[in-house]
Amino acid sequence: MAPRDSDPILIRAEGVGVRRGGRWLVRQVDLAVRRGEIVTLIGPNGSGKSTTAKALMGIVEPDEGRVERGAALRVGYVPQRIQIDPTLPMTVRRLMRLTGPHPEHEIDTVLEQVGIADLKAAPVHGLSGGEFQRALLARALIRKPDLMVLDEPVQGVDFAGEIALYELIGEIRDRLDCGVLLISHDLHIVMAATDTVVCLNGHVCCHGTPSSVAESPEYRALFGSHAAHALAVYRHHHDHAHLPDGRVVSLASGKEEGGGAG
Amino acid sequence: MLDDFFARALIAGTGVALMAGPLGCFIIWRRMAYFGDTMAHSALLGVALALLLEVDLIVGVFAVAATISIALIFLQRRGMLSTDSLLGILAHSTLALGLVIVSLMAWVRVDLLGYLFGDILAVSRTDLIAIYLGGTVVLAALAVIWRSLLTATVNGEIAQAEGLHPERARLVFMLLMATVIAISMKIVGILLITSLLIIPAATARRFAASPEQMAVLASALGVVAVLLGLVGSLKLDTPPGPSIVVAALILFLLSLLRLSGRQGSGVAS
């Protein structure tokens, strides 16, 4: 379900720059996310990925350029690092209702989707890193957002879990028909699950489809030629993955293979 | 019955404890104990200015506490000094400034101890009206901003990204704290107000599974502390304000005992 050019633009940055302490964190960023599109921001640490996303969402004011965002745009945000103060009692169920009321059956549904249905009554402070990450994803998901923003969503998740999580993000996009802005510093799997890749290093180095970005000289200069090589090798050896329930997923398109295609 | 000074004290203390509970929870969750203390200390400057300008004490204290909290937010943004240094400077300089101004006003007789440690037995009917009217406003306003303030407490960026206006909620919360300090100054005094906000909330944490439970429980524990403190002060002839704080402390210590007793029996069996 790849997005088309006719799909409405949910959010757009034009020439956005953010300056802190006399230094530009990012400059001249042009970026748009359409409904139904998965856009991935990749770049090394300190390249301004999170800053760009925060400027898009209105968390930081851009010092140059402008951001167009519909007034009624419903955002679901999963930040990179979040720590809930241990003095604040909070169960997973209560966390789902943080920004608005939701009936019990909707809570059950989203927890089921992210695979932590059994943790509904658990205090969030007792969750493992991966479980907490899923709870945060469910919290954003239950809002039925127009735009999901996920900052490094697979931190602390193992390889198989990583694939499952990206597949889930693809499913969410299909079901909610929302736009997704992903932030990642690693490339392999993200690239495969994405419609558009924007490669940042203080500015937009290159952007386009995953394969065109992987082959571009700017990208190779940023990550080293071995990075593109790694992607190729990775594709060669691991063009599909086996999910726990027996389904086979093609990593190149993020879609399930039909019976005949395998 | 309202003529009875003890009954008036009890009703006044109950009103203050009810609004202190949920507010105190946010002070704990947001790690603002010293911030609250600074606002409370600035109340004496408010008293001094109110006497100097001949305006109502509650108005004077509210205005100064609100100004200090907004000044703090502004100074924090400039980032020249760490927050705890800023709080230390403001807390003690406003207290000192208040003491100096009061002492210069030779023409007014001021019961300093009453402001510093409270004078709950001298609560008037007008005070009661101020406490319950103000308390209703505070709790109603807190209910309105509850969702956005709680989200901002969990994560300010989620609140901002999802359109909950965390800055506005934070500002309202500061004004509510200033209001509570202004109307409860007479009950436990400037130096002890923060303890009435924090100790019942800290006690409630051990028994609460959700933020809302903790807020209600903190109010209830505050009321119990007021009752025990007042009765104790009558029986033992101790100052009522500090007695209330000591009662709250005893409840807190009991909650620790209960917890460790439980763990102990679990190990034994």
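From a predicted model like this one, the values you see are computed outputs, not experimental measurements. Chain naming here is simple, since letters A, B, ... match the order of the sequence lines and numbering starts at 1 in each.
- Minimum interatomic distance between A161(B) and M57(A) (heavy atoms only, all atoms of both residues): CB-SD, 3.7 Å.
- Proximity to chain B (any heavy atom under 4.5 Å) is restricted, for R139(A), to the side chain, taken from C-beta onward.
- Of the atoms belonging to R31(B), it is side-chain heavy atoms, and not backbone ones, that fall under 4.5 Å from chain A.
- The candidate with the highest count of non-hydrogen atom pairs below 4.5 Å against chain A, out of Q213(B), M214(B), R205(B), is R205(B).
- Note on N155(B), L150(B), I158(B), T153(B): by heavy-atom pairs under 4.5 Å with chain A, the leading option is I158(B).
- More than 12 heavy atoms of other shown residues, nucleotides or ligands fall within 6.0 angstrom of atom CZ in R20(A).
- Between P89(A) and S210(B), the shortest heavy-atom distance links the atoms CG-O, 3.5 Å.
- Interface residue R147(B): backbone and side-chain heavy atoms are both found under 4.5 Å from chain A.
- Using a 4.5 Å cut-off between heavy atoms, P79(A) touches chain B through its side chain atoms alone.
- Residue contact with chain A, scored on non-hydrogen atoms closer than 4.5 Å, involves the side chain of E212(B) exclusively.
- Other residues, nucleotides and ligands contribute only 12 or fewer heavy atoms inside 6.0 Å of the CD atom of E61(A).
- Counting heavy-atom pairs closer than 4.5 Å to chain B, the top residue among G100(A), G58(A), A121(A) is G100(A).
- Within 6.0 Å of the CD atom in E167(B), the count of heavy atoms belonging to other residues, nucleotides or ligands exceeds 12.
- With I28(B) as the fixed residue, the side chain to side chain contact (heavy atoms under 4.5 Å, CB included) test singles out one of L88(A), T87(A), D85(A): T87(A).
- No part of P145(A) comes within reach of chain B, as not one of its non-hydrogen atoms sits under 4.5 angstrom from that chain.
- Proximity to chain A is limited to the side chain of L164(B), based on heavy atoms less than 4.5 angstrom apart.
- Residues E162(B) and V75(A) come closest through the heavy atom pair CG-O, 3.3 Å.
- For R143(A), the part lying near chain B is the side chain, with the backbone staying farther off; criterion is any non-hydrogen pair under 4.5 Å.
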